[in-house]
Amino acid sequence: MLRQVAPTYKQASLLDCACRHLHRKTALQQLNKTLEVAIESALLAAQENGELPPFAIPRIPVSPPKRSAQGDWAYPAMGLARLAKKSPLEIARLIVERLPALNFLDKLEVAPPGFINCTIAEDYLRRQIDAIAAAGVDYFQLELGKGKRAQVEFVSANPSGPITIGHTRNAVVGDAMARLLEAAGYAVQREYYYNNAGNQMIILGKSLQLRYLQQLGEDAPLPADHYQGEYLVEVARDLAAEHGQSLRGASWQVFRDAAEQVMFGWIKRSLSAINIQHDAFYNETSLFESEEIWSVLEDLRANGHIYQSTHWEGADADEIAETSAKGYEPATWFRSATFGDEKDRVMVKSDGVPTYTLPDIAYHRDKLRRGFDVAVIVLGTDHFSQAQVVKCGIRALGLDPAPIDVIFLQMVRAVRWDEERGEYEAVKQSKRSGDFDTLDDLVAMTSADAVRYHMLARSPNSQLDFDVDQVVKQSNDNPVYYIQNAYVRCAGIFREAAERRLCDADADLSLLGESELRFTRKALEIGNCIEQAVRNYEPQKIAFFAQELAGVFHPIYDQVRVLHSEVPVETAKARLRFYRAAQAIFGYLLDLMGMSAPERM
RNA sequence: GCCUCUGUAGCUCAGCGGACAGAGCACCGGUCUUCUAAACCGAUGGUCGCAGGUUCGAGUCCUGCCAGGGGCGCCA
């Protein structure tokens, strides 16, 4: 009976697993997981012995207690009381008795109402300082996504103008997500998808054409629905300078293609200024050229999800009246409501031109066919409905959309303090009205590092007011510099140490104090932080973590001196080894956020 | 109307169902003859929007309200 619930081979495999973790030397260990596995096997052993009744053991994570005096992790045995029909304290004691030996643990304490408080062995921490100092960033490599392929599709702005502040947040979050996936062991592709087949690009081409004609002195007024931005005047001026009058009779397609080319040059340059590069650019037009969109439509039709009508099948009398008032001929509809959408959607308009949804579905089918284990898409919440429709389309094609996950970003605005009105005022960012802040503007006013940090350090589903003036004005109290300064301070120590010919070659780490070990404890949480960021799509976690770790570092730097007349040489060597590890850690964190790690500030 | 996000210190925000709810800024008081003070130390500051519910235990999960933002095209 007992064996059915707790077969011994399971216990053995759990212990094997724990041992494998213990024997890894240079890769980042997630000690909490090893501990959880060990606790589970202790419970199984207690069940085996009849000290506990058989029951399926729930996964209860260990977590760091709020008070550090209570140890590094706490396991609340209260959660087992009902299942085990014993008091939490009693269960906790049983676990501690049966727990396999773990080399990273120092002491275990049972505390009411039923916590097991676990403390890391100081020796273990010292060994990690050595390992980090020796291995550098390799120490932190996780194997969560080993052998798996991930794609992050982000920015994906249509090439109709410069990168705006909204795209910037998308870019920063997407790139950080890609870096975190890489840190977790995935092979990552960064992709940029853009719609260049639709109406917006036609209008862009025509807008540029008119601006060009204006350059030639013609009276060519820009209709209200055209792109009003000054930037097209610049492009037109360049065209006129390069081609003179020769494009006077050229078609709007020529101008559209020219505009696309110029805009992409700008976009890539702007992104690369904040350390972002895509591996692949995928455009909507290619789906027309390959006839993929028609193949998708036929497959949907074959599955019985397509029909011709002037209105959708579930429309009520009001909706029918509304559509008939527009006088449409029949269009081609996708029965998306069958798959949970609130209404059916048009795939091919009555004029025979596909909506953007059809290529969008074709694009995602192609993405799935490319076989990624994870395909993350970063989108603004204004695409929420659209993403649902695409998922309906994927299911209607008989495919599983599971690998696709979307990070939805809430709105970001650039704001400035309005002195006269005494309140914040949004800087407008509509491309067609021509009044907006661009990524280039943001970088020029602050810095690439400041833009990256501030865009990252907020939950994707929170709105973000990017206070332009404050990021500049308060730069001295900025988390950006606070974190970078931790790295800079380490670099300063090594510059000076080299000068004085001090080296940490035969450092004795037993000379390190409590605060250096406290820093190391905190630093070892990086693995959990990355895992959580990857699993839950919360790239902002790494930004908060970096700031917290810098907050542990700076007081230590203040107290724990290396190159001071009163510090004995042996102690100085040990501390130097510690700062070597600390520098590697901050270098790694800054790189995860795509920020620079300056040697001086 | 439907969908969605947000509400925690004066401000900006952290907070994995666990023990006395945290940080930065602002304000107040200290610290540079020692690796750059973009730093450090100390003090003040809370009906976790409201009301129920689940639980041994809720800022955290569920329901309903209240307040604010965003989205709901044969546009892309």
Side-chain angles (χ1 to χ4, degrees), chain A residues 32 60-67 70 74-76 78-79 81-82 88 111-115 117 158 160 194-201 203 225 284 310-312 323 326 328-333 342-343 345-351 353-357 360 380-386 388 408 410-411 413 457-463 465 467 470 474-482 484-486 488-497 499-500 502 528 532 536 540-541 544 547-548 551 553-567 572 575-576 579 600-601:
Chain A
N32 56 330
I60 302 177
V62 298
S63 57
K66 282 173 185 164
R67 296 172 60 104
Q70 290 164 338
Y75 179 85
M78 295 85 87
R82 175 171 295 172
F115 289 104
N117 291 329
N158 294 339
S160 54
Y194 58 101
N195 299 108
N196 58 346
N199 206 31
Q200 293 307 317
M201 291 304 288
I203 294 174
D225 64 345
E284 186 188 11
T310 52
H311 54 81
W312 80 285
T323 32
K326 292 178 184 166
Y328 287 129
E329 296 295 312
T332 307
W333 293 78
E342 58 186 16
K343 57 174 284 197
R345 307 286 169 171
V346 170
M347 291 293 107
V348 183
K349 295 184 270 180
S350 48
D351 62 5
V353 178
T355 62
Y356 64 96
T357 308
D360 223 3
T381 50
D382 52 334
H383 289 76
F384 184 83
S385 304
Q386 172 63 8
Q388 305 311 310
F408 286 106
Q410 293 290 325
M411 191 182 66
R413 356 174 255 172
R458 182 76 96 255
S459 163
N461 39 20
S462 289
Q463 289 165 223
D465 279 351
D467 184 337
Q470 195 173 355
Q474 294 198 337
S475 61
N476 287 357
D477 304 311
N478 222 311
V480 178
Y481 305 106
Y482 190 70
Q484 285 180 322
N485 194 29
V488 168
R489 287 180 132 178
C490 293
I493 293 171
F494 285 100
R495 267 198 310 277
E496 187 62 24
E499 195 99 340
R500 303 193 196 176
L502 181 74
N528 291 326
Q532 196 188 351
N536 304 333
Q540 77 280 10
K541 297 281 182 192
F544 294 126
Q547 191 183 0
E548 271 177 44
F553 176 84
H554 285 297
I556 294 173
Y557 174 89
D558 209 55
Q559 294 296 316
V560 183
R561 296 276 156 168
V562 179
L563 306 161
H564 185 279
S565 53
E566 288 172 22
V567 177
R575 290 178 176 177
L576 199 57
Y579 283 111
R600 299 167 191 271
M601 288 197 323

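Reminder, nothing fancy here: chain letters follow the sequence lines and each chain counts from 1. As the structure is a computational prediction, the values presented were derived from the model and not from experiment.
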Check: A:Asn117 side chain, B:rA19 base, donor-acceptor under 3.5 Å: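 Yes, the side chain and the base share a sub-3.5 Å donor-acceptor pair.
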A:Ser350 (side chain) and B:rC74 (base): donor-acceptor pair under 3.5 Å: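 It does, because a donor-acceptor pair links the side chain of A:Ser350 to the base of B:rC74 below 3.5 Å.
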What does [X] touch in the nucleic acid at a heavy-atom separation under 4.0 angstrom: a base, only the sugar-phosphate, or nothing?
X        : answer
A:Pro555 : sugar-phosphate
A:Ser459 : sugar-phosphate
A:Gln70  : base
A:Val560 : base
A:Ala81  : nothing
A:Thr310 : base
A:Gly114 : nothing
A:Ala457 : nothing
A:Pro88  : nothing

Could you give the distance separating [M] and [N] at their [atom1] atoms, to the nearest angstrom?
N      : M      : atom1 : result
B:rC11 : B:rG7  : P     : 14 Å
B:rG45 : B:rG24 : C1'   : 14 Å
B:rU12 : B:rC32 : C1'   : 30 Å
B:rA58 : B:rG1  : P     : 34 Å
B:rU8  : B:rG46 : C1'   : 8 Å
B:rA21 : B:rG57 : C1'   : 15 Å
B:rG15 : B:rU6  : P     : 11 Å
B:rA19 : B:rG59 : P     : 9 Å

What is the distance, rounded to the nearest whole Å, between atom [atom1] of [X] and atom [atom2] of [N]?
X        : N      : atom1 : atom2 : answer
A:Tyr75  : B:rG17 : OH    : P     : 15 Å
A:Phe384 : B:rC5  : CZ    : P     : 7 Å
A:Gln559 : B:rC32 : CD    : C1'   : 13 Å
A:Asp360 : B:rC75 : CG    : P     : 15 Å
A:Phe553 : B:rC40 : CZ    : P     : 11 Å
A:Glu566 : B:rU33 : CD    : P     : 14 Å
A:Asn478 : B:rA38 : CG    : C1'   : 10 Å
A:Asn528 : B:rG15 : CG    : P     : 15 Å

Of the nucleotides [options], which one has an atom closest to the side chain of [X]?
X        : options                : value
A:Tyr557 : B:rG15, B:rC72, B:rC35 : B:rC35
A:Gln547 : B:rC41, B:rC35, B:rG24 : B:rG24
A:Phe544 : B:rA14, B:rG15, B:rA39 : B:rA14
A:Arg500 : B:rA14, B:rG18, B:rC35 : B:rC35
A:Val346 : B:rC74, B:rC72, B:rG18 : B:rC74
A:Tyr481 : B:rA14, B:rA38, B:rU36 : B:rA38
A:Ile493 : B:rC35, B:rC74, B:rC3  : B:rC35
A:Asp382 : B:rU12, B:rG71, B:rC40 : B:rG71
A:Asn461 : B:rC35, B:rU6, B:rC41  : B:rU6
A:Arg561 : B:rU36, B:rC35, B:rC13 : B:rC35

Check: A:Gln386/A:Asp360 side-chain N/O donor and acceptor closer than 3.5 Å: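 Yes, A:Asp360 and A:Gln386 have a side-chain donor paired with an acceptor closer than 3.5 Å.
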No-hydrogen, no-angle side-chain donor-acceptor test under 3.5 Å, A:Ser459 and A:Asn461: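 A donor-acceptor contact under 3.5 Å links the two side chains.
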I'd like to know if the side chain of [X] reaches the main chain of [Y], judged simply by a donor and an acceptor atom lying under 3.5 Å from each other, with no hydrogens or angles considered.
X        : Y        : answer
A:Arg575 : A:Arg561 : yes
A:Glu329 : A:Ser350 : no
A:Asp351 : A:Val353 : yes

For B:rC20, glycosidic torsion class - syn if within 90° of 0, otherwise anti: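 B:rC20: syn glycosidic orientation.
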Syn/anti state for B:rC32 [syn: chi within 90° of 0]: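 Nucleotide B:rC32 adopts syn.
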Verify stack between A:Phe115 ring and B:rA19 base, 5.5 Å, 30 degrees: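 Stacked: centres under 5.5 Å apart, planes under 30°.
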Centroid under 5.5 Å and tilt under 30°, A:Tyr328 to B:rC74: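 Answer is yes, a stack.
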A:Tyr579 and A:Tyr557 aromatic ring geometry - parallel, tilted or perpendicular at 30°/60° bounds: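 Aromatic pair A:Tyr557/A:Tyr579 classed perpendicular.
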So [Y] and [X], do their side chains get closer than 4.5 Å, heavy atoms only?
X        : Y        : answer
A:Pro479 : A:Gln547 : yes
A:Trp333 : A:Met347 : no
A:Thr323 : A:Thr310 : no
A:Lys349 : A:Pro354 : no

Distance below 4.0 Å between A:Arg489 side-chain N/O and B:rC35 OP1 or OP2: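 Answer is no, no contact under 4.0 Å.
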Short side-chain N/O contact to B:rC74 OP1/OP2 from A:Lys343, under 4.0 Å: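 So the side-chain polar atoms of A:Lys343 do come within 4.0 Å of the phosphate oxygens OP1 or OP2 of B:rC74, strictly under.
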5' precedence on RNA chain B between A:Ile556 and A:Gln540 (nearest-nucleotide basis):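 With A:Ile556 and A:Gln540 compared, the 5'-side residue is A:Gln540.
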Along RNA chain B (nearest heavy atom to each residue), the more 5'-positioned of A:Ile60 and A:Arg345: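 Here A:Ile60 is the residue nearer the 5' end.
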Got a list of side-chain donor-acceptor pairs under 3.5 Å for residues 489-496 of chain A, not counting sequence neighbours?
{"residue": "A:Arg489", "atom": "NH1", "partner": "A:His554", "partner atom": "ND1", "Å": "2.9"}
{"residue": "A:Arg495", "atom": "NH1", "partner": "A:Glu599", "partner atom": "O", "Å": "3.1"}
{"residue": "A:Glu496", "atom": "OE2", "partner": "A:Arg500", "partner atom": "NE", "Å": "3.0"}
{"residue": "A:Glu496", "atom": "OE2", "partner": "A:Arg500", "partner atom": "NH2", "Å": "3.3"}

For RNA chain B, stems built from three or more consecutive Watson-Crick or G-U wobble pairs below 3.5 Å: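 Expected stems, ordered by start: B:1-7 with B:66-72, B:10-13 with B:22-25, B:28-31 with B:39-42, B:49-53 with B:61-65.
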Reported CD-to-CG distance for the pair A:Glu284 and A:Asn196, which is rounded to 0.5 angstrom: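 Between A:Glu284 CD and A:Asn196 CG, I get 6.5 Å after rounding to 0.5 Å.
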